[in-house]
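In what follows, chains are A, B, ... by sequence order, proteins preceding strands, each numbered from 1.
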2 protein chains.
Amino acid sequence: MATMKDISRIADVSIATVSAVINHSAFVSPELTERVNNAIRELNYRPNAVARSLKMKSTKTVAAIVTDIENPYYPAMVKGMDDVAFANGFSFMLCNIANDSERFRKYLEVMVEKQADGLVLANVSRDEELALVERTGLKYVLLNRKPPAYDKNYVGINNTLTTELSVKHLASLGYRSIAYFAGNLQISTARERWEGFQSGMHQQGLKVDEALVFHGNYTSQSGYENTKKMLAEARRMPEVICAASDLVAFGAIKALRESGIRVPEDIAVMGNDNNPFSENFIVPLTTVDHPKYEMGKLAVELLFKEIEGTEQKLARQIVLPPSLVVRESCRWRGELYGLNSS
Amino acid sequence: MATMKDISRIADVSIATVSAVINHSAFVSPELTERVNNAIRELNYRPNAVARSLKMKSTKTVAAIVTDIENPYYPAMVKGMDDVAFANGFSFMLCNIANDSERFRKYLEVMVEKQADGLVLANVSRDEELALVERTGLKYVLLNRKPPAYDKNYVGINNTLTTELSVKHLASLGYRSIAYFAGNLQISTARERWEGFQSGMHQQGLKVDEALVFHGNYTSQSGYENTKKMLAEARRMPEVICAASDLVAFGAIKALRESGIRVPEDIAVMGNDNNPFSENFIVPLTTVDHPKYEMGKLAVELLFKEIEGTEQKLARQIVLPPSLVVRESCRWRGELYGLNSS
DNA sequence: TTGAAAGCGCTAACAT
DNA sequence: ATGTTAGCGCTTTCAA
């Protein structure tokens, strides 16, 4: 690889001049500029960003640490992050934890060694994890989940609203007996969705039937198992299942169908998060959309503000609104009865 | 940030000694080792990988350039890549082209500036793109697609086999009239799948009905539109549609259902690639699985061999086998007639 | 307007 | 066994 020294020799100028023309950091006469540019072209020279980073103490690199890129919730977020990183001349490192908590710790360490300019951390739920992050001294913003009392840079959605919206829609459709399949309440988003369900029920003048509340996590397996459990144990079946995530809804619908229960004719199902598959699921899923791309985008935009440090140092929390997506897994009850009798 | 100099001062040893204990690159007495480690702990010191990279001429970083991380074909591949990068102490940069060809060129440039140790390029189809890659001088391996006469490092699957397998399965089910919805034949994988369809038909003693061959690309929109076209124009309907990708199959099924045509009762549909959603699609899709995670994994393993340069410099092409996945979108024709008459 | 030189934090050859 | 030092490729101050 050619270096600046090579260029300076070929162009017969000083190395400082080469630097100046490359970075437009000082006026250089047209003649010398020309000579330098010719030499650069001749040698197919590209500046060494590593050397530059060492001197500048900035790598023009941000990293995202995500829990699982195979989970369809994240690719859109990653795309949003990469898009704004690219637009700002930054490179984007992806760190996929793959459910290995030791790996989280290790990635943090690597990112301080590699001198990443900033981090976005999807799904930091526990204070211990946050402490690890703080200890790195790196700039960062949290994305999606957050630890209980966290009040610094954060981008997420209004999870409480997701379930309030769901319940409101369900109530408007005539449903009154609503089961809730909760996520892991250790997780902020799951907690908020559960709270939203309760407040939503209250707002609609409905009461939460404890016998129809099932705890689990965001996976389809959880939805599947809780449905089996409900089918086996509940004294009365609900008219509709409100799931904490689309995957949970998928699992629920699978279990329902295995038992010959039709969705939405016999029991309706409501999702949450608008998984890219939901539109074409066995039964197209009524759900609540989360602006995933926007979340990723805003997370690294916020990170850049933090990095530039220009912004007044007030920590900012950005909370985006979800929106209802009506499809086929929930229907107006009146119409329903008509269908059932045919 | 603390530096080695700080450590050497605190531990009262030379900077070379610090380096030696950190890298285990030379014997250091237990006493000095102890002092150095204490100082490191005391200052929460982490070596600066940028400085190290400058000296070592290696960044311990690989990059993947992919066409679209939101396409469900890629997350598993990305996971495979990140897993082996991590396992080998390398960092992983993700470059998402997002269908902007200028961005491809730009990413290559950045990666030479940032001194990436190697590149894996998903979906390089054209010689001009390959020329750009070659021009960087970086080590690389191609993944999935490849330009026509390319014979260097490559990891992909046997695409010809995918469709041969499909046709064989379809024939065994009793189907004889098979439509083919092709991908963009500029793309190696689409070309191979189309060839496999033809040879598969030949092997089964079936003939390809040109009126039932439709050209398009891998998107569901393409499948949707070609189905509409077929429904409107074809003199005879096929018994089954063999699609070049699962997305195409999704689009086809959607269009079929919109016209009141049942899948698989009236017309069956066969996919190709085993999209993560296919299992739970409106009608669970019979398809051919591509080992996506393995592809990503092997791609960076091959890249590491290339980087280490230990391997004899023979270019290697790894072609993985696909495997049939039987679900519900195709059925035994005999059983079918039974069902239809009920 | 241009050039010389110091220094970013590290590794390794060499000296002791 | 440990220390001194040059140098990786760049930016930037300072001098000319």
Side-chain angles (χ1 to χ4, degrees), chain A residues 1-40 43-61 89 109-117 137, chain B residues 1-40 43-61 89 109-117 137:
Chain A
M1 275 288 94
T3 71
M4 273 196 174
K5 195 142 74 175
D6 297 322
I7 303 297
S8 79
R9 192 167 27 78
I10 306 259
D12 193 32
V13 298
S14 80
I15 180 173
T17 301
V18 179
S19 176
V21 353
I22 287 175
N23 300 300
H24 310 285
S25 52
F27 184 89
V28 178
S29 68
E31 301 89 302
L32 293 206
T33 303
E34 170 86 1
R35 264 151 59 194
V36 168
N37 283 329
N38 284 341
I40 287 176
L43 298 189
N44 189 22
Y45 168 78
R46 292 279 83 205
N48 182 325
V50 173
R52 183 166 211 280
S53 291
L54 179 59
K55 185 70 192 178
M56 305 292 274
K57 296 177 175 320
S58 158
T59 52
K60 290 277 190 181
T61 300
E109 196 165 277
V110 170
M111 286 310 130
V112 348
E113 295 188 0
K114 292 248 164 100
Q115 317 285 124
D117 290 336
Chain B
M1 273 288 94
T3 71
M4 272 196 176
K5 196 143 71 173
D6 297 323
I7 302 298
S8 78
R9 192 168 28 75
I10 305 260
D12 193 33
V13 298
S14 80
I15 180 174
T17 301
V18 178
S19 178
V21 352
I22 287 175
N23 300 300
H24 309 285
S25 52
F27 184 88
V28 177
S29 67
E31 301 90 302
L32 292 206
T33 303
E34 170 88 1
R35 263 150 60 192
V36 169
N37 283 329
N38 284 340
I40 287 176
L43 297 189
N44 189 23
Y45 169 80
R46 292 280 81 205
N48 182 326
V50 173
R52 184 165 210 279
S53 292
L54 179 59
K55 183 72 190 175
M56 304 292 274
K57 297 177 176 322
S58 159
T59 51
K60 290 279 193 179
T61 300
E109 196 164 278
V110 171
M111 286 309 130
V112 347
E113 295 187 359
K114 292 248 164 103
Q115 316 285 123
D117 290 336

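Among the atoms of the strands shown, only primed sugar atoms or phosphate atoms (P, OP1, OP2) are found under 4.0 Å from some heavy atom of M56(A). When heavy atoms are screened at a 4.0 angstrom cut-off, T3(B) is found touching the sugar-phosphate backbone but no base atom. V50(A) comes within 4.0 angstrom of nothing in the nucleic acid, heavy atoms only.
Using a 4.5 Å heavy-atom threshold, the side chains of M1(A) and N48(A) count as separate. Taking the side chain as every heavy atom from C-beta outward, I10(A) and Y45(A) never approach each other to under 4.5 Å. Between T61(A) and K114(A), the closest side-chain pair of non-hydrogen atoms is not below 4.5 Å. The shortest distance between side-chain heavy atoms of V21(B) and N37(B) falls below 4.5 Å.
Taking every nucleotide of DNA chain C with any atom under 4.0 Å from a non-hydrogen atom of chain B, the first and last of them, 5' to 3', are dG9(C) to dA12(C).
For E113(B) and dC10(D), the CD to C1' distance is 13 Å, given to the nearest whole Å. Spacing between atom CZ of R52(A) and atom C1' of dT11(D) amounts to 8 Å, rounded to whole angstrom units. Rounded to whole Å, atom P of dG9(D) lies 8 Å from atom NZ of K5(A). Summarising the geometry, the separation between NZ on K60(A) and C1' on dC10(D) is reported as 16 Å, rounded to the nearest angstrom. Atom-to-atom, NZ of K114(B) to P of dC10(D) comes out at 15 Å; the value is rounded to the nearest Å. Separating the CD1 atom of I15(A) from the P atom of dT12(D) is a distance of 13 Å, rounded to the nearest angstrom. Atoms CD (E31(B)) and P (dA1(D)) sit 11 Å apart, rounded to a whole Å. Protein atom CG of N48(B) is 18 Å distant from nucleotide atom P of dC8(D), rounded to whole Å.
Taking 4.0 angstrom as the limit, T17(B) places a side-chain polar atom (N or O) nearer than this to OP1 or OP2 of dG3(D). In this structure, Y45(A) reaches the dC10(D) phosphate: one of its side-chain N or O atoms is under 4.0 Å from OP1 or OP2.
Nearest-nucleotide positions on DNA chain D for S29(B) and M4(A) put S29(B) closer to the 5' end.
Of the options R46(B), K60(B), R52(B), a side chain to side chain donor-acceptor pair (under 3.5 Å) to E113(A) is made by R46(B) and by none of the others.
For D12(A) against R35(A), the heavy-atom pair with the smallest separation is O-NH2, 2.9 Å. The two residues M4(B) and I15(B) make their nearest non-hydrogen contact at CB-CG1, 3.9 Å.
Taking only side-chain atoms of K57(B), from C-beta outward, the nucleotide of dG3(D), dG9(D), dC10(D) with the closest atom is dG9(D).
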Next on the checklist: V28(B) vs V36(B), test: side chain to side chain contact (heavy atoms under 4.5 Å, CB included). Steps then yes/no.
Outcome noted: CA-CA 10 Å; V28(B) 177; V36(B) 169; 5.9 Å; no

Checklist entry - Does the pair V50(B) and S53(B) meet the rule for a side chain to side chain contact (heavy atoms under 4.5 Å, CB included), with working shown? => result CA-CA 5 Å; V50(B) 173; S53(B) 292; 5.7 Å; no

Item to check | Worked verdict on I22(B) versus S19(B) for side chain to side chain contact (heavy atoms under 4.5 Å, CB included) | outcome: CA-CA 5 Å; I22(B) 287 175; S19(B) 178; 5.9 Å; no

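Axis angle, first five pairs versus last five pairs of the helix from dT1(C)-dA16(D) to dT16(C)-dA1(D): 50°, rounded to 10°.
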